[in-house]
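In listed order, ligands and their atoms are each counted from 1.
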Amino acid sequence: MHDLVLRGGTVYDGLGGPGVVADVAVAGDHVVAVGADLGPARREIDVTGLAVAPGFIDAHSHSDPVPLMPEPQPFKLHQGVTTEIVGNCGFSFAPLDDATIEATGPLFAELAGGVPVLPRDFAGYLAGIEAAGPTNHIAALVGHNTLRAYANGMDERLRPGALEHMCRLADDAFAAGAVGLSSGLIYPPGSYGDTDELVALARVAHRWNRPYTTHLRNEDDRLAEAVDEAIAIATRARVRLQISHCKVAGKANHGGGKALLAQLHAARLAGVDVRGDQYPYRAGGTFLNALLPGAALVGGTDAMRARLADPVGRARLRALAEDLTQPNGFWARVTPADVFVTTHATRPEATGRTLAELAGAGDAFDTLCEVLLADPGAGMVITMMAEDDVETIMADPLVGIGSDNGPPVGLQHPRTWGCFPRVLGEYVRERGLLTLPEAVRKMTSAIADQFGLAGRGFVGAGAVADLVVFDPATIGHDGTYAVPDVRPTGVEHVVLAGHVVVEAGRFTGERRGLVLRG
Ligand code: ZN
Ligand code: CU
């Protein structure tokens with residue numbers, strides 16, 4: 001007697017195989033058989049006419065604090081996502097101590113979405129989210145920004161012994177179950193680190209056979225150089241490499257998608273196990289202060305405030321921000337109309353408006369400075385990619401899907417609520433850019449393999465019973481930048497380790513997610 005049988009669906013195996021009409025039988029938390037006449041079950045769900053796939057694995061999530069929110073948050077389950085990789089872009093929620101929380105202040109607060117940021121080691125963080133009960137499975141990376149802030153504050157130069165300290169903290173995190181190392185090399189204090197610093201940390205990851213994921217040091221004018229750095233780090237440390245949210249930013253660089261992929265292909269031929277992930281949008285989303293050059297944040301957000309408040313400091317930052325030869329800071333590469341303020345701690349009236357609108361007839365850079373003075377951790381959605389590049393990158397088999405979501409509160413990029421359904425609705429069904437089996441592979445086994453999630457990312461006997469049932473004819477997401485928090489269409493059922501947690505589109509309210517330790 002099986003516990004559950006999904007009857008009559010078209011099964012996509014997650015490995016790129018074609019859809020096959022078959023029943024899927026589950027016993028306990030595992031799939032035990034896929035085929036016909038599988039025998040009786042305590043519970044059957046008729047899924048005739050629907051697609052059955054492995055639960056999607058979000059390669060790039062910022063849901064680190066979400067399990068700690070008082071109410072269960074089903075925004076990923078409603079997309080068919082059963083596992084999230086958190087701790088991306090160098091920002092993990094552990095290890096943290098009081099001094100680090102103080103030094104990084106608004107940066108973690110912006111990511112936390114109202115959840116208190118607590119001082120904890122990595123084991124303590126994992127135990128904390130486990131006890132709170134995530135709605136989907138969570139696997140966590142340890143972040144370079146966090147490690148550096150812990151060991152070295154917001155200083156630019158490394159203090160004596162700080163790198164060794166970072167390596168010990170990374171080792172502790174891997175021992176506790178961190179599934180990889182992440183970096184976010186546009187964000188202070190990680191951006192102050194050089195290649196050798198990252199090689200040293202990635203070598204710790206290598207000892208644990210964990211991958212290195214990176215938000216590259218540059219995604220616009222110096223993209224090629226930044227990809228070379230990531231490949232050099234992976235080569236020297238002998239780790240698998242995941243290029244986060246692959247993109248070509250900045251109008252002057254549009255059309256560069258093919259060149260980016262050529263670099264990845266060449267690295268693979270040279271023996272580096274490199275892959276990437278991507279969200280299906282022309283706009284990104286991050287801290288508003290990423291518009292400024294890295295020099296703005298040296299010493300932390302209070303130091304940044306002091307620079308912005310002082311006319312001389314502000315003028316110096318403006319000169320740097322407007323200088324196109326500066327490698328960091330987006331200011332010179334976008335127009336104020338491309339910048340949409342999404343979150344602001346003290347001025348809710350600033351959210352939902354572009355910098356151009358906020359500036360009116362005034363000076364847009366001064367407006368930016370005023371908005372940041374009032375909240376150095378404010379968030380934005382920023383349009384900076386070309387659709388041709390989005391498609392070119394998505395068509396490549398090395399690139400999987402990752403949402404890069406923020407916390408599901410307030411105004412956020414629509415990817416938070418709709419990334420995966422948008423790929424399946426817009427890029428598979430409407431545009432025919434990908435086949436359905438290939439898109440499912442990019443959301444499942446392609447990610448499981450990279451992060452070492454054994455037994456996940458495929459449908460077959462022996463797989464963990466994380467499953468999604470969706471309607472390929474209706475799946476999609478109608479969210480917009482102005483109204484992003486819309487429930488996707490076409491995701492019918494979600495099974496999490498054998499438990500039906502979304503049934504006929506409705507979340508049951510159960511917190512059945514597990515912490516997956518490396
Ligand atoms: Zn990032
Ligand atoms: Cu990210």
Student: Is the side chain of Asp220 donor-acceptor paired with the backbone N or O of Gly250 at a distance under 3.5 Å, no angle test?
Tutor: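 Checking the backbone N and O of Gly250 against the side chain of Asp220, no donor-acceptor pair under 3.5 Å is found.
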Student: Between Phe174 and Trp208, what is the ring plane arrangement, given parallel below 30°, perpendicular above 60°, and tilted in between?
Tutor: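 Plane angle between 30° and 60°, so tilted.
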Student: With a cut-off of under 6.0 Å to the ring centre and 45° to the axis, is Arg120 in cation-pi contact with Tyr125?
Tutor: no
Student: So that I know where these two stand, are His413 and Tyr481 an aromatic pair - ring centroids less than 6.0 Å apart?
Tutor: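 Aromatic pair counts; centres sit under 6.0 Å.
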Student: Flag this pair as yes if the NZ/CZ of Arg333 is under 6.0 angstrom from the six-membered ring centre of Phe330 and inside a 45 degree cone about the axis; otherwise no.
Tutor: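 Because its charged atom misses either the 6.0 Å distance or the 45° angle limit, Arg333 does not stack over Phe330.
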Student: Please report whether the ring centroid of Tyr187 lies less than 6.0 Å from that of Tyr192.
Tutor: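 That pair fails the under 6.0 Å test.
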Student: Protein N/O/S atoms under 2.8 Å of the Cu ion (ligand 2)?
Tutor: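 Within the sphere that stays under 2.8 Å of the Cu ion (ligand 2), the protein atoms of type N, O or S are His60 NE2, His62 NE2, Cys89 SG, Asp404 OD1.
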Student: Between Lys247 and Asp389, does the salt bridge (charged side-chain N to carboxylate O under 4.0 Å, His left out) criterion hold? Intermediate values first, please.
Tutor: CA-CA 7 Å; Lys247 65 169 75 77; Asp389 286 326; over 6 Å; no
Student: Mind telling me whether Phe108 and Phe93 have parallel, tilted or perpendicular rings, with 30° and 60° as the class edges?
Tutor: perpendicular
Student: In this structure, which one of His62, Lys76, His60 forms a side chain to side chain donor-acceptor pair (under 3.5 Å) with Asn405?
Tutor: Lys76
Student: Have a look around the Zn ion (ligand 1) and list protein N/O/S atoms under 2.8 Å, or say none.
Tutor: Cys89 SG, His215 ND1, His245 NE2
